[in-house]
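Shown next, in structure tokens, is the structure this report addresses.
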Amino acid sequence: MESALKTSVRVRFAPSPTGYPHLGNIRTALFNWLFARHHGGKFILRIEDTDITRKVEGAEGVILDSLRWLGLDWDEGPYFQSQRLHYYHEVANRLLKEDYAYLCYCSTERLAVMRREQMRRKQPPKYDGHCRYLTQQEKLQLEASGIIPVVRFKMPLQGETTFHDLIRGQVTFKNSTLDDLVLLKSDGYPTYHLANIVDDHLMAISHVLRADEWLSSTPRHIVLYQALNWQPPRFAHLPMILGPDRAKLSKRHGATTIVDYKEQGYLPQAMINFLALLGWSLDDRTELLSREELIKHFSLERVSKTAAIFNKRKLEWMNGVYLRQLRPEEFIQQAIPFLDRHLPASVKRPLCSNYIRQIMPLLQERAKTLAEIPQLGSFFFLDELQYDPSLFLSSGLDAKTATQAIEIALRRLKIAGVWDANSLEGILRPLAAELNLSAGKFFGLLRVATTGCTAAPPLFQTMAVLGKERCLKRLTTALQRILTLL
RNA sequence: GCCCCCAUCGUCUAGUGGCCUAGGACGCCAGCCUUUCAAGCUGGAGAUCAGGGGUUCGAAUCCCCUUGAGGGCACCA
């Protein structure tokens with residue numbers, strides 16, 4: 001079984017360029033990719049651009065970029081359905097000839113009225129088969145009228161269609177609930193249903209792994225395969241990913257496209273790991289898995305059936321884990337573009353790479369995303385710090401004591417020789433005792449003075465990186481500001 | 001309205017008849033570490049396994065009903 005799969009697995013990711021890919025789309029791509037890689041099969045990329053009215057400019061480029069960013073490499077394609085119209089026409093003609101399909105001349109207006117009427121009567125909206133039963137004479141008349149018809153499939157009126165879903169098990173639909181779906185639109189493009197099965201067949205797709213929303217169109221596809229006497233692929237319907245309000249993901253939920261996550265500073269490996277765990281699990285404890293481990297262990301049997309609500313907090317945590325795991329040099333390389341883009345314009349570019357190299361280790365274990373690094377470390381770069389002088393008193397010191405403490409610190413630091421973390425600690429820690437201040441309070445004071453923040457990386461290291469000149473200048477400014485509190 | 005699917009802590013999940021007085025992770029709370037923050041470590045709160053019926057010596061696990069949620073029902077994918 002396993003070896004048979006190994007030679008024959010061919011799966012595809014088939015997005016339509018009607019928008020940018022969101023988490024759900026990418027999760028589908030990921031599962032297909034993992035399945036292919038696990039079985040040593042092929043992962044094929046196919047762009048389903050058969051709706052020219054909904055096509056979004058640039059969407060396909062974004063789709064490809066997203067896959068590349070995540071490292072989901074494909075073995076064939078991208079194929080474009082818009083360039084394969086002749087295949088669909090050929091199949092539609094064959095179905096027409098073999099009486100599995102018919103031409104339908106109904107106007108969109110008539111269909112809309114029909115549907116509205118059905119809804120009003122609380123009946124399921126369904127094509128009424130008007131053109132299925134045209135007389136020979138009516139056909140000739142309509143043909144002569146110049147109306148461009150669509151091709152509709154003759155859905156069996158009785159019986160039922162059953163298929164085995166690899167995740168859901170046996171699923172059965174009554175054929176009477178299926179309607180005569182359109183195969184070929186009047187603009188000459190196929191509908192999803194036609195193009196999809198034609199390509200899956202022609203491309204020898206072995207397994208269709210797609211989102212749950214397609215489950216109810218699967219019987220239609222099965223019936224089409226039967227009409228064409230083609231062997232259908234195996235199906236596996238993946239659970240959906242929902243927003244926090246349990247609804248389908250949309251713009252309301254904030255970042256939904258994968259590009260947004262890239263821009264917010266999530267790492268592809270974190271994204272992959274997180275997405276893999278949305279609907280799949282290895283066991284009862286493993287959370288962190290590398291790409292290789294995912295490939296090794298991925299299996300459809302461990303895909304869950306329940307829709308998942310995507311939990312951004314957990315993604316943030318996981319991204320932090322991956323950020324901390326980066327080698328320092330790599331962290332720096334990843335951080336630089338974000339610093340460049342998000343540090344205030346007043347900070348001179350190009351940024352000094354030597355300075356950055358010293359700063360980044362202090363930020364690496366504090367950042368959850370790359371995008372928050374500029375924010376976290378902006379005080380390293382700014383000439384003039386903006387902060388509320390009352391921060392000096394936040395630890396409960398009075399203005400007079402604070403003033404004295406900074407004055408003395410300034411005096412001692414001016415005459416400091418070596419300016420590294422150890423030496424600074426050697427000067428400042430005894431000074432706290434000398435001033436009869438707790439280390440926490442005294443260092444807190446200096447922290448505000450040198451960084452403008454009450455929370456920052458360790459004081460001595462921070463001051464060492466800032467350098468003597470900058471620190472003395474900031475302490476002097478701090479002294480001036482604290483005087484306003486007296 | 002009709003059809004399909006699903007149902008374990010707030011969220012992601014483990015669990016496939018006895019190992020479950022239900023395990024892990026995120027988040028939350030507390031403690032430790034500590035110059036703040038973060039990280040790390042330790043501990044805690046948090047699920048009468050949606051509800052109700054069965055089946056069985058025994059059910060989160062099997063069956064039925066109810067409820068709830070999601071998806072589909074286009075010349076969109």
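- Taking atom C1' in both B/C29 and B/G46, the straight-line distance is 11 Å, to the nearest Å.
- At a threshold of 4.0 angstrom between heavy atoms, the contacts of A/Arg152 are confined to the sugar-phosphate backbone, with no base atom among them.
- There is no side-chain donor-acceptor pair under 3.5 Å between A/Tyr79 and A/Asp199.
- With distances taken from any side-chain atom of A/Arg220 to the nucleotides B/C75, B/G72, B/C12, the minimum falls on B/G72.
- Contact check, A/Lys305 against B/A69: no side-chain N or O comes under 4.0 Å of OP1 or OP2.
- For B/G44 and B/A60, the C1' atoms lie 25 Å apart once the distance is rounded to whole Å.
- What separates NZ of A/Lys122 from P of B/C3 is a distance of 15 Å, to the nearest Å.
- Below the 3.5 angstrom threshold, one finds a donor paired with an acceptor across the side chain of A/Glu287 and the base of B/G24.
- The phosphate of B/A77 (OP1 or OP2) has a side-chain N or O of A/Thr50 nearer than 4.0 angstrom.
- In this structure, CZ of A/Phe80 is placed 17 Å from P of B/A77, rounded to the nearest angstrom.
- Rounded to an integer number of Å, the gap from A/Asp245 CG to B/G70 C1' is 12 Å.
- Listed candidates were B/U8, B/A77, B/A14. Nearest to the side chain of A/Arg302 is B/A14.
- Applying a 4.0 Å cut-off to non-hydrogen atoms, the residues of residues 265-286 of chain A that approach RNA chain B are A/Leu277, A/Leu278, A/Gly279, A/Ser281, A/Asp283, A/Asp284, A/Arg285, listed by residue number.
- Heavy-atom nearest nucleotides on RNA chain B were determined for A/Thr306 and for A/Leu111, and the one closer to the 5' end corresponds to A/Thr306.
- The partner of B/A25 is B/U11, judged by Watson-Crick or G-U wobble contacts that both fall below 3.5 Å.
- Contacts of A/Cys104 with the nucleic acid, taken as non-hydrogen atoms under 4.0 Å apart, are absent.
- Within a heavy-atom distance below 4.0 Å of RNA chain B, the residues of residues 165-174 of chain A found are A/Arg168, A/Val171, A/Thr172, A/Phe173.
- A/Pro149 comes within 4.0 angstrom of nothing in the nucleic acid, heavy atoms only.
- No side-chain donor-acceptor contact under 3.5 Å links A/Gln158 and A/Asn175.
- For A/Glu160, there are no salt bridge (charged side-chain N to carboxylate O under 4.0 Å, His left out) partners two or more places apart in sequence or in a different chain.
- The list of side chain to side chain donor-acceptor pair (under 3.5 Å) pairs with a residue in residues 424-441 of chain A, not counting sequence neighbours, reads A/Arg412-A/Glu434, A/Glu425-A/Arg429.
- The nearest whole Å value for the distance from the CG atom in A/Leu183 to the P atom in B/C76 is 12 Å.
- Rounded to whole Å, atom P of B/C3 lies 18 Å from atom CG of A/Asp212.
- Between A/Lys185 and B/C76, a side-chain N or O to OP1/OP2 separation shorter than 4.0 Å is present.
- Comparing atom distances between the A/Tyr192 side chain and each of B/A77, B/G10, B/C2 picks out B/A77 as nearest.
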Each nucleotide in nucleotides 28-46 of chain B should get exactly one letter: B, S or -. Can you fill that in based on protein heavy atoms under 4.0 Å? -------BBBBSS------

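- Per the geometry, CD belonging to A/Glu316 stands 14 Å off P belonging to B/C26, to the nearest Å.
- Going from the P atom of B/U48 to that of B/U61 covers 15 Å, rounded to whole Å.
- Looking at the side chain of A/Met240, the nearest of the listed nucleotides B/C75, B/G71, B/A25 is B/G71.
- B/G52 and B/U67: their C1' atoms are spaced 10 Å apart (whole Å).
- Taking CG from A/Leu277 and CD1 from A/Ile272, the interatomic distance works out to 12.0 Å, rounded to the nearest 0.5 Å.
- Every residue was checked against the salt bridge (charged side-chain N to carboxylate O under 4.0 Å, His left out) condition with A/Arg152, not counting sequence neighbours, and none meets it.
- Regarding A/Leu288, its CG atom lies at a distance of 10 Å from the C1' atom of B/A25, rounded to whole Å.
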Determine, step by step, whether A/Tyr192 and A/His221 satisfy the ring-ring contact (aromatic ring centres under 6.0 Å, His included) criterion, reporting the C-alpha distance in whole Å, the side-chain angles of both residues, the deciding distance to 0.1 Å, and the verdict. CA-CA 10 Å; A/Tyr192 167 82; A/His221 299 168; 5.8 Å; yes

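- A/Ser217 contributes a side-chain N or O that, together with a main-chain N or O of A/Trp214, makes up a donor-acceptor pair within less than 3.5 Å.
- We find that CG of A/Leu242 is positioned 6 Å from P of B/G71, with the value rounded to whole Å.
- Here the separation of B/G51 from B/A7, taken at their C1' atoms, is 12 Å to the nearest Å.
- Looking at A/His237 and A/Arg168, their side chains never bring a donor and an acceptor atom within 3.5 Å of each other.
- With a 6.0 Å radius and a threshold of 12 heavy atoms from other residues, nucleotides or ligands, A/Glu329 has its CD atom above the threshold.
- Here the closest non-hydrogen pair linking A/Phe379 and A/Thr451 is CB-O, 3.3 Å.
- For A/Ser216 against B/C4, a side-chain-to-base donor-acceptor contact under 3.5 Å is absent.
- No hydrogens or angles considered: a donor-acceptor pair under 3.5 Å links the side chains of A/Tyr102 and A/Asp180.
- Here the CG-CZ distance, from A/Leu96 to A/Phe153, works out to 12.0 Å after rounding to the nearest 0.5 Å.
- For the C1' atoms, the distance linking B/C76 with B/G72 amounts to 13 Å, nearest Å.
- Only the P atoms considered, B/U8 is 10 Å distant from B/U13, to the nearest whole Å.
- A gap of 12 Å separates the P atoms of B/G10 and B/A50, to the nearest Å.
- Geometric assessment of A/Arg481 against the ring of A/Tyr387 yields a positive cation-pi assignment under the 6.0 Å and 45° thresholds.
- Remark: A/Arg27 is not in phosphate contact with B/C12, judged by side-chain N or O atoms under 4.0 Å from OP1 or OP2.
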